[in-house]
Amino acid sequence: MKKVYGSAAEALDGVLTDNMLIAAGGFGLCGIPELLLQAIKDSGVKDLTFASNNAGIDDFGIGILLQTKQVKKMISSYVGENAEFMRQYLSGELELEFNPQGTLAERMRAGGAGIPGFYTKTGVGTVIAEGKDHKEFNGETYIMEEGIFADLAIVKAWKADETGNLVFRKTARNFNAPAATCGKLCVVEVEEIVPTGSLDPDAIHLPGIYVHRIIKGDHEKRIEQRTVRKREDA
C-alpha cells in the first residue's frame, strides 16, 4: 500500500470533514505538524475538535485555525501562550475541556490501545472531576477518564521509512507517539524519508502499522521563548 504522498493537501485529500475530532502531536512549538495544520486551514473545514497539549501560538500551530474560527472545541492542558485561544475561551466562543497533561497523554494512549476508560487520582477534588464517575480503590478515590478515539491523527516525526516506521528527534517525541496511535487514520509529516529496511529496528519509536500516510517537507523551527543575557565585558 502506498503511504508516501507528494504534499500535505494530497495526504489529506478525501479525509477531512466538518465536525472531526483530530488528535495532534506537539508540545509548545516543538514537534508541531505545521504543514498538515496549514493544509487543514486551507481546506476550509470547520467545527473541528482538537485533542492537543496546547494550541501553539497565535500565528503558528493550531493557532492559525483559531484565527479563522475553524475550531469549536479544544481538549488541552495549557492555554497560556496563545492570546486568541484565551480570548475565544473567555468570551464563550470556544469550548475547552481541560485535562491534566499526564491524563491527556494517557487518554490518547488508551484510545490507541482500545481501552475505553481508566481510573486516575489526578484531578480528584477539583473542577476536573466534576460530572465524572468516582470510585474507591483501597480507600482512595479515583475518577474515570475516557480514552480518546480520534477520527484523524496528525503528527510530526524526524525520519520515516517508506512503510511508515517513525523516528522522533529528542523532545519532539512528546505527544506525537500517543496521538498517532489513537486516530482511525494517521497522517505524518517528516523531515526525511529513508528506504525501507535502513532504520535500525531498535531505533524505531513508532511502528508503521499505526501510520497510513506520510509527507516530506521543509519545516520552520521556531523558538517559543528566547531568553538571553548581556555579554560580560572582557
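Small disclaimer: the values here were computed from a predicted structure and weren't measured. As a basis for the values below, the full set of heavy atoms in this structure was taken, side chains included, without hydrogen atoms, waters or symmetry mates.
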>> If I take atom CG from residue Leu66 and atom CE from residue Met86, how far apart are they, to the nearest 0.5 angstrom?
In response: 11.5 Å
> What's the spacing between Ile62 CD1 and Ser76 OG if we round to 0.5 Å?
Replying inline: 6.5 Å
> Looking at Ala179 and Gly25, what are the two nearest heavy atoms and their distance?
Replying inline: CB-N, 4.0 Å
>> Let me confirm one number: the CD-CD1 distance from Gln38 to Ile64, rounded to the nearest 0.5 Å.
In response: 4.5 Å
>> To the nearest 0.5 Å, what is the distance between CD on Glu189 and CG on Leu36?
In response: 4.5 Å
> Do any N or O atoms from the side chain of Asn176 and from the backbone of Lys156 form a donor-acceptor pair under 3.5 angstrom?
Replying inline: yes
>> Show me the pairs that pass ring pair (Phe, Tyr, Trp, His ring centres under 6.0 Å) and involve residues 142-173, at least two apart or across chains.
In response: Phe137-Tyr142
> At their closest point, which heavy atom of Ala172 faces which heavy atom of Gly31, and how far apart are they?
Replying inline: CB-CA, 4.0 Å
>> According to salt bridge (Lys or Arg N to Asp or Glu O under 4.0 Å), does anything in residues 84-93 pair up with another residue at least two apart or in another chain? List the pairs.
In response: Lys69-Glu93, Glu84-Arg87, Arg87-Glu93
>> Between Lys159 and Arg169, is there a side-chain heavy-atom distance shorter than 4.5 Å?
In response: no
> Quick one: does Phe50's side chain get under 4.5 Å of Leu65's, heavy atoms only?
Replying inline: yes
>> Taking side chain to side chain contact (heavy atoms under 4.5 Å, CB included) as the definition, give me every residue that meets it alongside Thr171, ordered by chain and number, with sequence neighbours left out.
In response: Cys30
>> Applying side chain to side chain contact (heavy atoms under 4.5 Å, CB included), can you list everything that pairs with Thr163, at least two apart in sequence or on another chain?
In response: Asp161, Asn165, Thr196
> Looking only at heavy atoms, what is the nearest atom pair of Ser43 and Ile40, with distance?
Replying inline: OG-O, 2.6 Å
> Going by the salt bridge (Lys or Arg N to Asp or Glu O under 4.0 Å) test, which pairs reach into residues 36-53, not counting sequence neighbours?
Replying inline: Asp18-Lys46
> What about Val194 and Ile214, same hydrophobic cluster or not, with Ile/Leu/Val/Met/Phe/Trp/Tyr joined at side-chain heavy-atom distances under 4.5 Å?
Replying inline: no
>> If the condition is side-chain hydrogen bond (donor to acceptor under 3.5 Å, both in side chains), which residues does Asp151 pass it with, not counting sequence neighbours?
In response: none
> Is any side-chain heavy atom of Met20 closer than 4.5 Å to a side-chain heavy atom of Val45?
Replying inline: no
> Among the clusters formed by ILVMFWY side chains lying less than 4.5 Å apart, do Val187 and Val190 turn up in the same one?
Replying inline: no
> For the atom pair CD (Gln70) and CG (Leu37), what is the distance rounded to the nearest 0.5 Å?
Replying inline: 10.5 Å
> Would you say Val211 and Phe175 are hydrophobically clustered, going by side-chain heavy atoms of ILVMFWY under 4.5 Å?
Replying inline: no
> In Å and rounded to the nearest 0.5 Å, what is the NE2 to CD1 distance from His134 to Ile143?
Replying inline: 6.0 Å
> What salt bridge (Lys or Arg N to Asp or Glu O under 4.0 Å) pairs are there with at least one residue in residues 116-128, not counting sequence neighbours?
Replying inline: Lys121-Glu140
>> Has His205 got a side-chain atom pairing as donor or acceptor with Val167's backbone, closer than 3.5 angstrom?
In response: no
> Which residues pass the salt bridge (charged side-chain N to carboxylate O under 4.0 Å, His left out) test with Lys72, sequence neighbours left out?
Replying inline: none
>> Restricting to salt bridge (charged side-chain N to carboxylate O under 4.0 Å, His left out), what partner residues turn up for Glu145, sequence neighbours left out?
In response: Lys132
>> Could you check whether any side-chain heavy atom of Leu16 comes within less than 4.5 Å of a side-chain heavy atom of Leu48, counting everything from C-beta outward?
In response: no
Give every donor-acceptor pair under 3.5 Å between a side-chain atom in residues 96-119 and any protein atom, sequence neighbours left out.
{"residue": "Glu97", "atom": "OE1", "partner": "Lys73", "partner atom": "NZ", "Å": "3.1"}
{"residue": "Glu97", "atom": "OE2", "partner": "Arg107", "partner atom": "NH1", "Å": "2.9"}
{"residue": "Asn99", "atom": "OD1", "partner": "Arg107", "partner atom": "NH1", "Å": "2.8"}
{"residue": "Gln101", "atom": "NE2", "partner": "Asn53", "partner atom": "OD1", "Å": "3.0"}
{"residue": "Glu106", "atom": "OE1", "partner": "Arg109", "partner atom": "NE", "Å": "3.0"}
{"residue": "Glu106", "atom": "OE2", "partner": "Arg109", "partner atom": "NE", "Å": "3.2"}
{"residue": "Glu106", "atom": "OE2", "partner": "Arg109", "partner atom": "NH2", "Å": "2.9"}
{"residue": "Arg107", "atom": "NE", "partner": "Glu146", "partner atom": "O", "Å": "2.6"}
{"residue": "Tyr119", "atom": "OH", "partner": "Asp133", "partner atom": "OD2", "Å": "2.5"}

>> Can you pull out every salt bridge (Lys or Arg N to Asp or Glu O under 4.0 Å) where at least one residue sits in residues 203-218? Sequence neighbours excluded, please.
In response: none
>> Is there a continuous path of hydrophobic side-chain contacts, each under 4.5 Å between heavy atoms, that joins Met144 to Ile148?
In response: no
> Any side-chain heavy atom of Asn82 within less than 4.5 Å of one from Asn54?
Replying inline: no
> When you look at Val155 and Leu206, which way does the side chain to side chain contact (heavy atoms under 4.5 Å, CB included) test go after all the steps?
Replying inline: CA-CA 11 Å; Val155 302; Leu206 188 75; 5.9 Å; no
> What about Ile32 and Ile215, same hydrophobic cluster or not, with Ile/Leu/Val/Met/Phe/Trp/Tyr joined at side-chain heavy-atom distances under 4.5 Å?
Replying inline: yes
> side chain to side chain contact (heavy atoms under 4.5 Å, CB included) with Ser7: which residues, sequence neighbours excluded?
Replying inline: Ala9, Glu10
